[in-house]
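Inspection log for the structure reproduced underneath, given as structure tokens.
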Protein chains: 2
Amino acid sequence: MINLLSNLKISVPDKIFIKDPESSDLGKRIIEHGILLIDEIGFDSFTFKKLGVKIGSNESSIYRYFESKHKLLLYLTSWYWAWIEYQMVFATHNVPDDKDRLFKAIEVVTRTIKEDVTYTHINEVILNRIIINEYSKSYLTKEVDSENKEGYFEVYKRLIHRLREIIKNVNPDYKFPSSLASTIVEGALHQHFLKVHFSSITDCGKAITPTEFFINLTQNALKTNTDESN
Amino acid sequence: MINLLSNLKISVPDKIFIKDPESSDLGKRIIEHGILLIDEIGFDSFTFKKLGVKIGSNESSIYRYFESKHKLLLYLTSWYWAWIEYQMVFATHNVPDDKDRLFKAIEVVTRTIKEDVTYTHINEVILNRIIINEYSKSYLTKEVDSENKEGYFEVYKRLIHRLREIIKNVNPDYKFPSSLASTIVEGALHQHFLKVHFSSITDCGKAITPTEFFINLTQNALKTNTDESN
DNA sequence: GCAAATATAATAGTATTACTATCGTTTTTG
DNA sequence: CAAAAACGATAGTAATACTATTATATTTGC
């Protein structure tokens with residue numbers, strides 16, 4: 001699976017960037033060290049000037065790739081969700097049982113990220129931390145609707161749609177497949193955050209994982225009256 | 001109930017402000033128009049200078065109440081959750097059946113806010129919109145841990161703890177009462193957001209409410225094997 | 001191998017932000 | 001009524017989030 005993935009370029013909507021960062025060495029350094037710096041000082045304190053210093057390049061050069069730090073965040077989040085999407089597709093591919101497929105899919109979107117050596121300039125463990133800490137900021141803006149129209153959130157919505165379809169296969173009569181799908185994905189990020197910063201309002205921690213919680217929640221939500229198999 | 005509440009002052013941790021905005025006319029105007037202005041232009045574009053213009057006062061005077069706009073947001077969110085907490089306590093008070101109590105509690109934390117005339121200078125409908133759009137930004141910061149130690153999130157955590165206890169009463173064997181409680185509260189905000197901005201990834205809208213979704217989810221999550229009553 | 005095109009670097013400049021500090025005036029209150 | 005507290009006005013600062021221009025380096029196409 002890792003080899004299959006390594007031949008694929010994770011595809012990010014091209015309206016997000018001015019110049020594709022994958023197309024040059026400087027572009028890749030912007031992504032690589034952008035991730036590290038956002039993780040280090042937080043997105044709010046992050047500036048292109050500081051990133052320029054880190055990569056020994058100039059602020060103005062970074063602006064030729066991304067028109068703002070907000071667009072860079074949109075790039076990173078789209079990349080992340082596309083990466084998760086690929087993992088979901090591969091992990092659920094050829095799984096014959098509908099329920100098993102759903103459990104696999106939930107596992108992919110809720111688990112703690114382990115390092116992936118496929119994309120050398122992107123540290124997925126750190127990127128995942130950025131998603132947990134900063135993802136909401138990418139859409140909690142006054143510009144959401146216009147940016148949504150521009151397609152900046154396509155990857156994320158497609159992932160939720162895929163998960164919704166897998167849910168519907170398990171129980172076509174379930175009334176809230178979209179809300180369940182979006183709750184699992186967003187909720188998992190939230191539980192991972194709580195685990196680190198507000199442990200008193202989550203059960204997730206050393207013994208219990210968000211994956212366990214959401215699989216249990218989903219399993220019960222989709223149980224039909226006549227279903228005693230689980 | 002409204003009359004009972006009107007005698008209560010919603011209590012916000014006093015470390016959040018420099019001077020209690022409830023203690024003066026200017027303070028109340030800061031809160032009242034702060035809410036309106038944040039809703040109008042979004043928290044990111046909101047500044048004390050702009051607020052000063054709106055209320056015919058000076059930037060420097062506002063700084064005498066709140067040391068930063070971030071603290072003002074913490075004030076508003078604490079106020080909001082304390083207000084929700086009161087409603088939850090009153091709505092569940094004297095409800096004999098554990099399940100009914102839980103459903104009432106979920107309703108209070110997930111429903112669409114209708115206007116409340118009790119607190120004249122605070123428009124709860126608009127404040128709710130701010131919570132939906134901006135709440136995450138109050139804790140998704142590099143300072144969460146130190147601010148959490150200072151008690152800035154006490155009200156929110158207390159609300160989640162209350163909900164958790166109500167959940168535990170219904171099913172003491174349920175393994176994830178804290179995670180379920182935090183998922184309901186955070187998830188409801190998220191579903192309300194999706195309803196407005198990303199309707200394709202939620203079932204909530206005109207026909208279905210977040211309350212319905214989360215009551216259904218909880219009901220199924222807490223069902224015991226021998227429980228056929230619902 | 002060289003000219004043209006492209007990419008990058010360096011510098012400067014702008015309006016705004018998120019404050020702090022000071023001072024004078026008004027209002028409150030003991 | 002005097003002292004204290006609150007408020008308003010002004011000024012100042014370092015940083016932010018850019019844009020614009022120009023110079024230099026690198027790549028490429030013929």
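So that the names make sense, note that chain A is the first sequence line, chain B the second, and so on, each numbered from 1.
Per the geometry, CD1 belonging to Ile62(A) stands 9 Å off P belonging to dA9(C), to the nearest Å. For Tyr65(A) and dA9(C), the OH to C1' distance is 13 Å, given to the nearest whole Å. As a whole-Å value, the separation of Phe48(B) CZ from dT20(C) P is 11 Å. Residue Asp44(A) contributes atom CG, which lies 17 Å from atom P of dA15(D) at whole-angstrom precision. Straight-line distance from the CD1 atom of Ile30(B) to the C1' atom of dG8(D): 13 Å, rounded to whole Å. Atom CD1 of Ile41(B) is separated from atom C1' of dT17(C) by 12 Å (rounded to the nearest Å). For the pair Leu51(A) CG and dC18(D) P, the interatomic distance rounds to 14 Å; values are reported in whole Å. Between the CZ atom of Phe66(A) and the C1' atom of dC18(D) there is a distance of 16 Å, rounded to whole Å.
One finds no side-chain N or O of Lys19(A) lying less than 4.0 angstrom from the OP1 or OP2 phosphate oxygen of dT6(C). Side-chain nitrogen and oxygen atoms of Lys49(A) include none within less than 4.0 Å of the OP1 or OP2 phosphate oxygen of dC18(D). The shortest distance between the side-chain N/O atoms of Ser60(B) and the OP1/OP2 oxygens of dA21(C) is not below 4.0 Å. Look at Ser24(B) and you won't find any side-chain N or O under 4.0 angstrom from OP1 or OP2 of dA6(D).
Along DNA chain D, the nucleotide closest to Lys50(A) and the one closest to Arg64(A) are compared, and the more 5′ of them pairs with Lys50(A).
Nearest nucleotide to the Thr47(B) side chain, out of dT17(C), dT8(C), dA17(D): dT17(C). The Ser61(B) side chain lies nearest to dC7(D) when the options are dT10(D), dC7(D), dA9(C). Nearest nucleotide to the Leu26(A) side chain, out of dA9(D), dA17(D), dA9(C): dA9(C). Closest to the side chain of Asn58(B), out of dA9(D), dA17(D), dT17(C), is dA9(D). Side chain of Tyr63(A), nearest nucleotide from dA10(C), dG8(D), dC18(D): dC18(D).
In this structure, Glu59(B) reaches the bases: a heavy-atom distance under 4.0 Å links it to at least one base atom across the strands shown.
Using a 3.5 Å distance cut-off with no hydrogens or angles, the side chains of Lys157(A) and Asn148(A) do pair a donor with an acceptor. For Thr211(A) and Glu107(A), the side-chain atoms include no donor-acceptor pair closer than 3.5 Å.
Checked against a 6.0 Å centroid threshold, the rings of Phe66(B) and Phe48(B) do not count as neighbours.
A heavy atom closer than 4.0 Å to some atom of DNA chain C occurs in no member of residues 68-76 of chain A.
The pair Arg29(A)-Asp25(A) meets the salt-bridge criterion, with a side-chain N (NZ, NE, NH1 or NH2) lying under 4.0 Å from an Asp/Glu carboxylate O. In summary, Glu150(B) and Lys15(B) engage in a salt bridge, as defined by a charged side-chain N under 4.0 Å from a carboxylate O. Taking a cutoff of 4.0 Å between a charged side-chain nitrogen and a carboxylate oxygen, Glu40(A) and Lys54(A) qualify as a salt bridge. By the 4.0 Å N-to-carboxylate-O rule, Asp44(A) lies too far from Lys137(B) to be salt-bridged with it.
For the pair Lys71(A) and Phe17(A), the cation does not sit on the ring face, since its NZ or CZ is not both under 6.0 Å from the ring centre and inside 45° of the axis.
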